[in-house]
Amino acid sequence: MSGISAPRGTKDILPGEVEKWQYMEDIVRRVCAGYGYREIRTPLFEHTELFQRGIGEATDIVEKEMYTFTDRGGRSITLRPEGTAPVVRAYLEHKLYGSAQPVRLFYLGPMFRYERPQAGRYRQFHQFGVEALGSQDPLMDTETILVALTIFEELGLENLHIELNSMGCPQCRPRYREGLKDYLKGRLDGLCSVCQTRYELNPVRILDCKEDACRKELEGVPEIGDYLCPECRGHFELVQRYLTSLGRSFSLNPRLVRGLDYYTKTVFEVIAPGMGAQNAVAGGGRYDGLAEECGGRETPAVGFAAGMERLLLALESQGKELPLPRELDAFVAVVGDSARTMGLKVAVALRQRGFKAAMETEGRSLRAQLKAADRLLVKHVVIIGEEELGRSAAIIRNMEDGGQQEVPLEQLLEAPERLLLQKISD
RNA sequence: GUGGGCGUAGCUCAGUUGGUCAGAGCGCCAGGUUGUGGCCCUGGAGGUCGUGGGUUCAAGUCCCAUCGCUCACCCCA
């Protein structure tokens, strides 16, 4: 209603909502740490070139979704649309290949893509992700998938579906690409206009097209699985075997291609049921060629990213309520000017003892103060009025059961924990 | 970029074929209880009816434009 609102595709996360985010972030950090991953924080913007080279010119992200601008120094800058390229850049820039390999990293934060917003899609959205750099072991592919699944389970999500595919490597993917083009050559007229341009630029992505016409032409399309070189085939089989050995179910989807060019070998998505169009809560895979593409040494790596808004939506659609703890341990209510000073002392003493405590500042009636405390979901109200002050005492009122008792001020100031904790455990 | 739906108090919404239509519930503030929350009662604050044009004696109510929100397509988190 007032003049300025948050920009399209962005939103404020207000108290009441932000606690859910903190809860989710805590789980992400704890699980990642439990797998030996350490947090990395990269800039929110990078040189545009990083994403152009890393993600690939022919991708939707680079073609039409980046927030790119020229800074005052004439540099082309882009708000990060994803987290992997920046992490790889940091790994190379700080020569992390010099530390013990593989390097396990995770990140958490906002990403930016210029798209039309809709349910589960925003222009500023939040992802967390992990990247394991310096390992070509299929066990590492499995590990990153496990990290994702563990986090989702800790959050309480159920019935998640894993889709797996292999994109091959520089040895075998070109052969598949050619096989695909051979198959499509006589069918170009039947493809949508977008796919006709993809034919030359990035034919593999035609597999991913949802147009009916294209799907029809693709009915007998060769699958990459038939073209994988022995190395890629063996790698993919091991990833599957490791997952199976842990009792993890998944399905193979030969059409799973992913929108970024840098993937090699394993790719996967995690799908949440019942979420409508935007049902991919996480996606990732192996990207053995990205570091070289960024101008660095060859570095095999694998990782994934998960969308936090979508996870919250998935939790909501599954009826999972995230725990919302009571915010304040105590509210100090004061009646009369002289009580204000003592109330201030009491509030400070409570906080020094580790209690979360707020106090009355508006000079309202006791009734109004209790009403306010009630709405703040406070466990206890400490009441200090002229009468109590005269007796060097205060009242502690339990807002959950309505019970209250008068206690000496001295005790409240020196050792409040017994008074409040005793009440809490009741 | 394409297409559909919607824009009336903080929130959820009523407002019949244009003529007391500027309202209700909840929320908020205050009082009833001059020192005690949740229930109840009373009162109060709060809206250029998204914005700008147009039609009309008269427009939340019709028309156009515009902005915003929302859902879907493409694609992705």
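Labels below follow one simple rule: chain letters A, B, ... track the order of the sequence lines, proteins then strands, and each chain is numbered from 1.
- For Arg375(A), a side-chain nitrogen or oxygen approaches OP1 or OP2 of rC28(B) to under 4.0 Å.
- A gap of 25 Å separates the C1' atoms of rC63(B) and rG47(B), to the nearest Å.
- Residues from residues 42-53 of chain A lying near RNA chain B, meaning a heavy-atom separation below 4.0 Å, are absent.
- Salt bridge Arg80(A)/Glu46(A): absent, no basic N to carboxylate O contact under 4.0 Å.
- Of the inter-residue distances, the one linking Glu153(A) atom CD with Ile27(A) atom CD1 reads 11.5 Å to the nearest 0.5 angstrom.
- Among the duplex regions that RNA chain B forms, those built from at least three successive Watson-Crick or G-U pairs under 3.5 Å are B:1-7 with B:67-73, B:10-13 with B:23-26, B:28-32 with B:40-44, B:50-54 with B:62-66, ordered by first number.
- Applying the side-chain contact (heavy atoms from CB on, under 4.5 Å) test to Tyr242(A) and every residue at least two apart in sequence or in another chain returns Pro138(A), Leu139(A), Thr142(A), Leu238(A).
- Checked by distance alone, Gln369(A) brings no side-chain donor or acceptor within 3.5 Å of a matching partner on the base of rU36(B).
- The residue Gly402(A) sits close to a base: some heavy atom pair falls under 4.0 Å.
- A donor N or O paired with an acceptor N or O is not found under 3.5 Å between the base of rA77(B) and the side-chain atoms of Arg121(A).
- Scanning atom types as modelled, one donor and one acceptor separated by under 3.5 angstrom connect the side chain of Arg397(A) and the base of rU36(B).
- The separation between Arg310(A) atom CZ and rC76(B) atom P is 11 Å, rounded to whole Å.
- Residue order along RNA chain B, read from the 5' end via each residue's closest nucleotide, puts Ile395(A) first among Ile395(A) and Arg205(A).
- Residue Arg258(A) places none of its side-chain N or O atoms closer than 4.0 Å to OP1 or OP2 of rC75(B).
- Mapping Ser365(A) and Lys371(A) onto RNA chain B by nearest heavy atom places Ser365(A) closer to the 5' end of the strand.
- With Phe125(A) as the aromatic partner, Arg123(A) does not meet the cation-pi criteria of under 6.0 angstrom to the ring centre and within 45 degrees of the ring axis.
- Within 3.5 Å, a donor on the side chain of Glu388(A) pairs with an acceptor on the base of rG35(B), or the reverse.
- For Arg367(A), no side-chain nitrogen or oxygen approaches OP1 or OP2 of rC29(B) to under 4.0 Å.
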